[in-house]
Amino acid sequence: MAWISGGFVVLLCMVAVLAPLLLSPDAPFQISNSVLLAPSAGHWFGTDDLGRDVLLQVIWGTRISLIVGIVSALAAGIIGLVVGAISGYCGGLADAMIMRTTEIFQVMPIFVLAALIVAMAGAGETRIIAVIAGLSWPQTARVVRSEVLRIKGLGYAEAARCLGISEFRILVFEIIPNAVGPVIAVSTLTAAFAILLEAALSFFGLTSSDTISWGSTLSTGQRLLYTAWWLSVFPGTLIFLTALAFNMFGDCVREALDPRSE
Amino acid sequence: MADILTLDHLRVAFDVQGHRVDAVSDASIRVPDGGSVGLVGESGSGKSTLARTLMGLLTTPPAVLEAKSFAVEGQSLQIGDHAAISRLRGNTFAMVFQDPLSYLNPLMRVGRQIEEAVRLHDGRAAVHHRISELLDLVHLPQRVARSYPHELSGGMRQRALLAIALACRPRLLLADEPTTALDVTTQMEILALLRELRRELGMALLLISHDLVSVAELCDEVYVMYGGRTIEHGPCREIFRSPSHAYTKSLLDAARAQRSGRKVLETRPGALSVGG
Amino acid sequence: MTTETQPARPLLDVRSASISFKQQHGAMVHAVRSVSFAVGAGETVALVGESGSGKSSLARLVLCLTRPDSGEIHLAGERIDHLSNRELRTRRLLMQPVFQDASAAFNPRRTVMQSLEQALRCSATPPVDMRPAVEELLEQVRLFPASRLLNRFSHELSGGQRQRLGIARALAVNPRLIVADEPLSGADVSIRGQILDLLIEIQESRGIAYLFITHDMTLARAFAHRVLVMYKGEIVEQGTTEQIFAEPKNEYTKILVKAAASIDDVAA
Amino acid sequence: MRRLLLTRLLWAIPVVAVVVIVNFLLTRLVPGDPLVAIVGEYPVTPEYLAEIRHNLQLDQPLAIQLVSYLWAVMRGDLGFSFVNQQTVLSLVLQRAQASLLLLGPALLLATIVGLLFARISIARRGSGRVLLSAIVLFGFSVPVFWLGQMLIVLFAVKLHWLPAQGMASMRGVHGALATGWDFFLHWIMPGFTVGVFHVAVIARVAQASLRDAMSQDFVITARAKGISERAIFWRHILPNALLPVITVIGYNFGAALTGTIMVESVFAWPGLGTLLLNSITNRDYPVVQGIFLLSGSIIVLVNIATDLIYGFIDPRIRSGYSGGR
């Protein structure tokens, strides 16, 4: 399971990296007269209403989806790690404030907020990444915090304190390395969430029209649902498979870390 | 005196991914009717598994059970026959456990939990009367019936568990480390209560404990269990005075705390000068 | 009551220390209430109490892992409870903990060698050559053969071995006091005896003092010079082991002593 | 219990306040005149613009603007939607009904189905676990709006079994029963789509909590009493296993509502989601903000309700017991 899902993500990464090298950047945008062709030998995934090749669009869209997914998961992971570590280790007022903040985030309708921000402030990859990361770090922060709290009370952390090792070194060398597993698990889940969120935003037509992502192709598909099913089936399947791969990978990490599983 | 329980050559294994791990490899035990028997051993010696087996509480698989013979009240039974055991459970024998809090349902009032057991044996009309009788028997005030488990102290919870166990007027009570999780003061109260109940109700007791002192106080006979085997048994007094097995000796040594400590205290010149 | 029988300048001196915690729903728990006692150099003091009596909170207080709400803690003649963590660093080496749960006492990502090396590096005079120093430590706690254990992780050791390793780490910085919180409660009978023997041996060769926290009166009788009895956050009685067992004054102590009655008394 | 209610209500205040303030800041942070964000690109009379400018004190410092915005929100004045020719509040409330009509039954069914799956997965160990993790992974990974599309293509376009869009038939039906049936037919696909995620959530938690409850010691007590396995399950295991499930329903209500909003536009269900999409397309920002405010408030309310239900079931929470012996 871990190999299949990991392999799929690696394959997608390769596609994302190689696409701009092998394709001319205009190719996916190439308008032609062959409008709304069903999948055939010439166009494996068919063409859209402007005669653009869906396969090329899907390949091109891999970049945006993956970049948004991975970068925002990374950013959320880092923010969450720092905030969670501070919250768990320092305790007191800082902890209380951070926890209240994450609680508030938890009850926010994240998609609506993201849609609101993007709609009002304007779309763009970086902005979408910032919004997704900015809204999904609390998850990680909570996980990190509970891990830090748990490990802080364990014998080895206390023994290190009794040896006179500084608090900062204890946090960095004793606690965080042992808290990393759950952080990775939750980060892969964040990546899947980010990919779905990006797809949803572009599906709602909130991303700028000159970038191609899986969600934006899907959005065209929604308009032409009755005539051109291929516009929905292929990009949708890819979003699903990618999110699935990240989720599966996250599950594998979590299972490997769970002492009860063996 | 007839035996209320006889069990010969019990073996309990667990299937862990194809490997058979013995929890109990060879255990034999007899409890005379109305008698009191102690079963001592450390954690991991298999004594709790033995108790669960007797109560038919092990799920098979993963557990694999074998015994040469198993009889309750002289009636021979199959060791793995859960249906037969569950008919006896709550009628012929009942059980109390180590950690009284976790053995009570946190969402249900204590009275309801006693009632569940009572209903199986008494008619609808007698239920309330019987519940209050049971509470009296274990020296709990009547108001406890309306309390939730978390509102009670450790000792009261153990009494509540005893009330549940006694609901069906058992002939044999299995007590698995009934005092381990309690305060010392409460421990003594519960031991006294067990002694009193045994005298009043004339039921047999199988006390499973790692604490030699409470076994010595409560039981006439003792079985010593080690590594899944019953290695020694006999009247308490004899065993404690002249154990034949080396392991029993080390258990007794630990209980007397005479192993190294005293010797060292004596051989350390001036060791007491600081304190004394 | 015991002030005149205690050494003039005790190694550890706890003066009316108190600490309370706030529970989740706002109720205050007074874990330790105005507790005073002293531990002299080279002495073994047993702190006896049941779970919930506050003895573990007291241990954490002594180790400065939590600070008292009021009261003072003096170590080797110096008040330490109000020092900052930075100031505490060197003083902390005078006392070291040995924990109950040996499986959590070591960082799972470090080998035996790495764990002990970390401890040795913290000592006042870190050895230049680590490997022989680590091996020597392992031999002191009777972990043989040292060379084969070095690259193991703590979870690859048996419970008894881990507990010895815990003692080795404490010894690495040459402490004068070891605070041992139920170090034997997870161990089998046979291993208990061995570890007790080891602790006594170390005391004889190094003159270390022990604050030995236990719920087991029989252990206290076997091992300690003096006994402190803790009940509901307070020390209800303290005295030499002989005094406590021969003529306990406090009602609670009497119960404890009675409960710890030797098997001979009961079986007779 | 009173205390619990009080603390939860107190907790809700800052949350709603944050939602309102975020709303306010967004309007003011949009490049250009905030009026653009408030009115959108709808051609309105200059008199009206002046009125808004005065009402919201847009010529005053930011702090005063915030106060007047808060005051406006508290009075229920969320602005006016020119596109829909309706006040935002009434529009949003009206659409919220349709959304809840879609979400409510879906949540209820999903909870039951999730519990069933959890029970099955425990009963049949190997295959049950595989089935459960497949369901969970599917529910967590599938983009709901796409799933909706696929269902429409299959069941409406190809097979003509179910209506593709809306909440009721255009031609109208007569009689309560026929109306109900008509609604049900329209509900099936979006309801299923919304429910999929939730089934996954419930199934995962319920499996863990059921397994946990089954291995609790009090089950042994119950068994030792001699009561039947059926009674043990219904009286002892299920109530205890439900506690985490209730928490997770409340905790994930936001996600469920978001899912509904995403699904609606696919099925043209006349709820908040469709409204959101239309408003974004039309740059009708007050409506978007209104949806954010309302959905945030609903989620907060549901969270409070969850805690109260939890407290109602669990006497330990009710009495503020914090665990331990």
Side-chain angles (χ1 to χ4, degrees), chain B residues 51-52 54-59 61-62 82 85-110 112-121 146-154 157 160-161 164-165 167-168 170 173-174 176 181-183, chain D residues 1 3-4 122-129 206 209-247 307-325:
Chain B
R52 300 262 152 110
L54 289 176
M55 288 295 283
L57 294 173
L58 289 179
T59 40
H82 281 175
I85 294 176
S86 72
R87 251 173 277 131
L88 296 172
R89 199 159 60 193
N91 285 313
T92 307
F93 43 74
M95 192 165 179
V96 288
F97 308 90
Q98 176 173 352
D99 174 15
L101 179 57
S102 71
Y103 280 92
L104 287 165
N105 185 344
L107 308 184
M108 211 186 252
R109 290 181 201 276
V110 171
R112 273 281 286 139
Q113 301 194 43
I114 300 174
E115 188 185 327
E116 267 193 337
V118 172
R119 265 187 199 285
L120 292 175
H121 306 276
R146 309 224 345 265
S147 306
Y148 286 100
H150 73 269
E151 294 165 340
L152 306 180
S153 70
R157 288 173 196 148
L161 269 181
I164 292 174
C168 53
L173 181 69
L174 270 79
D176 185 5
L182 303 174
D183 290 348
Chain D
M1 200 68 183
R3 192 192 148 98
L4 181 70
I122 288 175
R124 351 195 134 176
R125 290 185 187 151
S127 57
R129 256 184 70 176
S209 69
L210 270 176
R211 186 174 284 165
D212 190 50
M214 281 173 171
S215 65
Q216 292 282 313
D217 293 334
F218 56 75
V219 176
I220 294 179
T221 311
R223 214 161 266 157
K225 278 179 205 172
I227 60 176
S228 70
E229 286 296 317
R230 178 183 291 264
I232 291 175
F233 180 78
W234 287 101
R235 275 187 236 152
H236 295 275
I237 295 175
L238 193 63
N240 278 282
L242 273 182
L243 291 177
V245 174
I246 289 167
T247 316
D307 286 345
L308 293 182
I309 294 173
Y310 198 111
F312 186 72
I313 297 183
D314 192 339
R316 290 166 295 185
I317 302 288
R318 208 153 57 217
S319 62
Y321 174 76
S322 59
R325 291 203 188 108

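Within every chain, numbering begins at 1; the chains are lettered A, B, ... in the order of the sequence lines, protein sequences first and strands thereafter.
Within the 4.5 Å cutoff, the side chain of Arg119(B) has no heavy atoms near those of the Ile227(D) side chain.
With a threshold of 4.5 angstrom between heavy atoms, Leu161(B) approaches chain D through side-chain atoms but not through N, CA, C or O. With a threshold of 4.5 angstrom between heavy atoms, Leu120(B) approaches chain D through side-chain atoms but not through N, CA, C or O. With a 4.5 Å cut-off on non-hydrogen atoms, Gln113(B) touches chain D through its backbone and its side chain both.
For residues 237-244 of chain D, a heavy-atom distance under 4.5 Å to chain B picks out Pro239(D), Asn240(D), Leu243(D), given by residue number.
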*Passes side-chain contact (heavy atoms from CB on, under 4.5 Å), Phe97(B) versus Asp217(D)? Steps please.*
CA-CA 9 Å; Phe97(B) 308 90; Asp217(D) 293 334; over 6 Å; no
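With sequence neighbours left out, the ring pair (Phe, Tyr, Trp, His ring centres under 6.0 Å) criterion links Phe93(B) to no other residue. With sequence neighbours left out, Phe218(D) forms a ring pair (Phe, Tyr, Trp, His ring centres under 6.0 Å) with no residue at all. Glu116(B) is linked by a salt bridge (charged side-chain N to carboxylate O under 4.0 Å, His left out) to Lys225(D), Arg235(D), counting only residues two or more places apart in sequence or in another chain.
Of the possible donor and acceptor atoms, none in the side chain of Thr221(D) sits under 3.5 Å from a partner among the backbone N and O of Leu104(B).
A distance of 6.0 Å separates CG of Leu107(B) from CZ of Arg316(D), quoted to the nearest 0.5 Å.
Between chain D and the residues Pro106(B), Pro149(B), Ser153(B), Ala165(B), the largest count of heavy-atom pairs under 4.5 Å involves Pro106(B).
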